[in-house]
Chemist: 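One structure follows; several queries about it will come next.
Order of listing sets the numbers, starting from 1, for every ligand and every atom in it. Small disclaimer: the values here were computed from a predicted structure and weren't measured. Scope of the values below: all heavy atoms of this structure, side chains included, with no hydrogens, waters or symmetry mates.
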Amino acid sequence: MTPAHLEWPTRDLLAHRAAATPQRRALIDIETDTAWTFAEFTGRVDRTAAALETAVDRVPDSHIGVLVDTRPAFATLFFAAMRRGATLAPLNVRETASELAAKADRLDLDALVCERETASTASELVDDSTPILSVDDPTTEGVTALSTLHTDPGETTGEPTADGKQVEIQSAELDRDHTQLLMFTSGTSGEPKIVRLTVGNLVASATASAFRLGVDPDDRWLCCLPMYHMGGIAPVIRSTLYGTTAVVQRTFDDRATARAMDEFEITGVSLVPTMGKRLLDAGWEPPESLRFVLLGGAPASTELIERCREAGVPVYPTYGMTETASQITTATPAEATAHEGTVGQPLVVTDVAVVDETVDPVPTGEPGELVVSGPTVTPGYLDEERTADAFCDRGLRTGDVGYRDEEGRLWILNRRSDRIVTGGENVDPGEVIEALRSHPKIEAAAVVGLEDEEWGERVGALVVPAEGIASLAVESVRKHCDDRLAGFKRPKTIGVVAELPRTHSGTVDRDAARDRLREVGVDVTSSSW
Ligand SMILES: O=C(O)CCC(=O)c1ccccc1C(=O)O
């Protein structure tokens with residue numbers, strides 16, 4: 001065992017930051033045009049932590065649900081929970097009350113934190129004995145002041161002085177193995193999994209990220225991804241660890257986001273591919289200040305990477321999961337250009353093994369399931385059975401298929417769980433998508449299995465016509481596939497749509513794609529099955 005004094009430090013990141021650089025800017029909120037120094041931020045966190053103490057009998061290890069959208073108050077709650085050893089369970093504010101109630105039921109909540117917009121939904125999610133707190137105090141102007149709806153807010157500590165000197169720094173050592181976050185994976189079918197992420201996972205991820213993206217003391221990271229997803233909260237943790245500024249934008253909007261990048265001289269931003277495409281479609285020109293666009297959450301097309309290169313966007317395609325506290329591999333702009341389609345090499349602390357069905361490594365260049373290990377990997381799901389299923393001796397089985405080159409760069413082929421089984425044959429949707437995308441009039445495609453009486457499943461395809469293509473004949477798509485795919489792989493139902501349905505995190509929503517196909521799909525007869 002490693003002696004304690006040689007172990008990775010797990011002190012309160014924010015308290016440490018507030019002591020080291022109290023006057024540097026921690027957060028900028030675009031919506032309210034407000035900025036907080038690290039001294040002010042840590043003061044707010046203390047007040048929020050005090051309000052939690054008042055509302056919850058025993059804060060350490062309590063489960064605190066969060067129904068708050070992307071705003072500084074979310075960041076404040078995160079660090080308040082960290083400081084007091086509570087566990088935060090962020091919920092997706094865009095879901096319906098019934099979807100949220102099903103999730104809340106699984107979390108065993110000791111309290112629920114809402115905001116003005118979600119207060120009425122929040123009251124439907126928990127019973128009367130569970131305190132509900134709001135980050136919008138109706139009696140004060142403070143955006144991050146936290147009051148309670150069901151209970152008295154009690155005493156709060158005062159604001160720090162202008163020079164931050166009187167801030168009381170609580171820099172207690174944190175328990176690295178403490179579960180800091182319970183995150184729902186953006187599952188597209190079946191019951192979503194609840195991922196446990198520890199303080200150690202989050203700190204390791206934020207540390208390793210810096211070795212790929214670099215850190216400049218004047219960095220400003222634009223946070224416009226939802227903070228209840230991993231890709232949205234990760235930049236807040238990174239910025240606090242680095243002592244740099246998180247600029248918070250409640251919702252992405254191509255024009256408003258482009259404007260914010262100019263106005264705040266943004267140096268980095270996390271985006272999902274759909275956002276990157278929308279920015280470019282709107283004629284976005286990246287500001288000179290911009291050093292990186294971390295592009296993840298879903299595979300980016302080679303066309304999008306090429307468009308980024310042409311527009312001078314410093315794009316870092318990344319492959320990550322909630323289960324690994326964000327990035328697993330990340331490619332640099334130079335790699336992304338020189339090695340088309342790659343998501344780059346693993347972060348410095350992460351190992352990726354490519355394995356066959358018996359979990360033995362396959363030779364370089366050959367495809368296999370990706371197994372991830374290292375300090376960013378979750379200790380498991382809330383559900384023990386699912387944990388047992390997901391892990392092997394080598395680490396976390398991702399269910400994704402990919403291959404690596406001699407230098408260790410990774411390519412993702414498809415999500416294994418998306419595999420379609422038709423008439424006993426396995427179909428890799430990625431292969432069908434590739435065939436469809438080689439059609440000159442098709443820009444994007446989603447391929448899913450549709451229930452079929454005879455074959456179990458049949459292949460269905462939603463296709464999006466390329467820009468400027470007024471009409472795309474289903475017959476021409478069918479012919480194109482006839483020439484390129486074995487009979488069982490050819491789409492038997494084809495639908496032409498303007499846009500693919502996507503989940504909030506940007507991945508294709510496969511259930512919605514299936515529904516769309518049932519609505520607009522045309523059944524085609526292939527010359528052979
Ligand atoms: O796919 C996931 O669940 C993680 C995605 C993620 O973290 C992410 C998504 C978009 C942009 C950047 C990142 C990141 O790795 O920080």
Chemist: Once salt bridge (charged side-chain N to carboxylate O under 4.0 Å, His left out) is applied, what residue pairs with a partner in residues 324-349 remain, sequence neighbours excluded?
Modeler: Glu335-Arg409

Chemist: Hey, is ligand 1 close enough to Arg238 that some N/O pair sits below 3.5 Å?
Modeler: yes

Chemist: Exactly one of Thr244, Thr245, Asp219 should register a side-chain hydrogen bond (donor to acceptor under 3.5 Å, both in side chains) with Thr267. Which one does?
Modeler: Asp219

Chemist: For Met183 and ligand 1, answer yes if some heavy atom of the residue is under 4.0 Å from a ligand atom, otherwise no.
Modeler: no

Chemist: Decide side chain to side chain contact (heavy atoms under 4.5 Å, CB included) for Met261 and Trp284; before the verdict, give the C-alpha distance in whole Å, the side-chain angles of both, and the deciding distance to 0.1 Å.
Modeler: CA-CA 10 Å; Met261 286 198 234; Trp284 175 54; 3.5 Å; yes

Chemist: Just going by heavy-atom distances, which of Leu294, Val269, Val272, Val293 is nearest to atom 12 (C) of ligand 1?
Modeler: Leu294

Chemist: Would you say that Arg25 contacts Thr37 through its side chain, given a criterion of any heavy-atom pair below 4.5 Å between the two side chains?
Modeler: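 They are not in contact (no side-chain heavy atoms under 4.5 Å apart), so the answer is no.
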
Chemist: With only distance considered, is Thr318 within less than 3.5 Å of ligand 1 through an N or O on each side?
Modeler: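 N/O-N/O distance below 3.5 Å does not exist for this pair.
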
Chemist: Output the list of atoms in ligand 1 that are nearer than 4.0 Å to some heavy atom of Thr322, sorted by atom number.
Modeler: 2 (C), 3 (O)

Chemist: Could you tell me, atom by atom, which parts of ligand 1 come under 4.0 Å of a heavy atom of Leu225?
Modeler: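 This gives 10 (C), 11 (C) as the contact atoms.
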
Chemist: Check the pair Thr240, Phe78 against side chain to side chain contact (heavy atoms under 4.5 Å, CB included), reporting the backbone distance first and the verdict last.
Modeler: CA-CA 11 Å; Thr240 306; Phe78 176 89; over 6 Å; no

Chemist: Determine the interplanar angle of the Trp411 and Tyr403 rings, folded into 0 to 90°, and report it as parallel if under 30°, tilted if 30 to 60°, perpendicular if over 60°.
Modeler: parallel

Chemist: Which is closest to atom 2 (C) of ligand 1 by heavy-atom distance: Ser209, Gly232, Gly320?
Modeler: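 Minimum heavy-atom distance to atom 2 (C) of ligand 1 goes to Gly320.
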
Chemist: Without swapping roles, check the side chain of Gln327 against the backbone of Ser209 for a donor-acceptor pair under 3.5 Å.
Modeler: no

Chemist: Is Thr330 close enough to touch ligand 1? Criterion: a residue heavy atom under 4.0 Å from a ligand atom.
Modeler: no

Chemist: With a heavy-atom distance limit of 4.0 Å, tell me whether Gln327 approaches ligand 1 through its side chain, its backbone, both, or neither.
Modeler: both

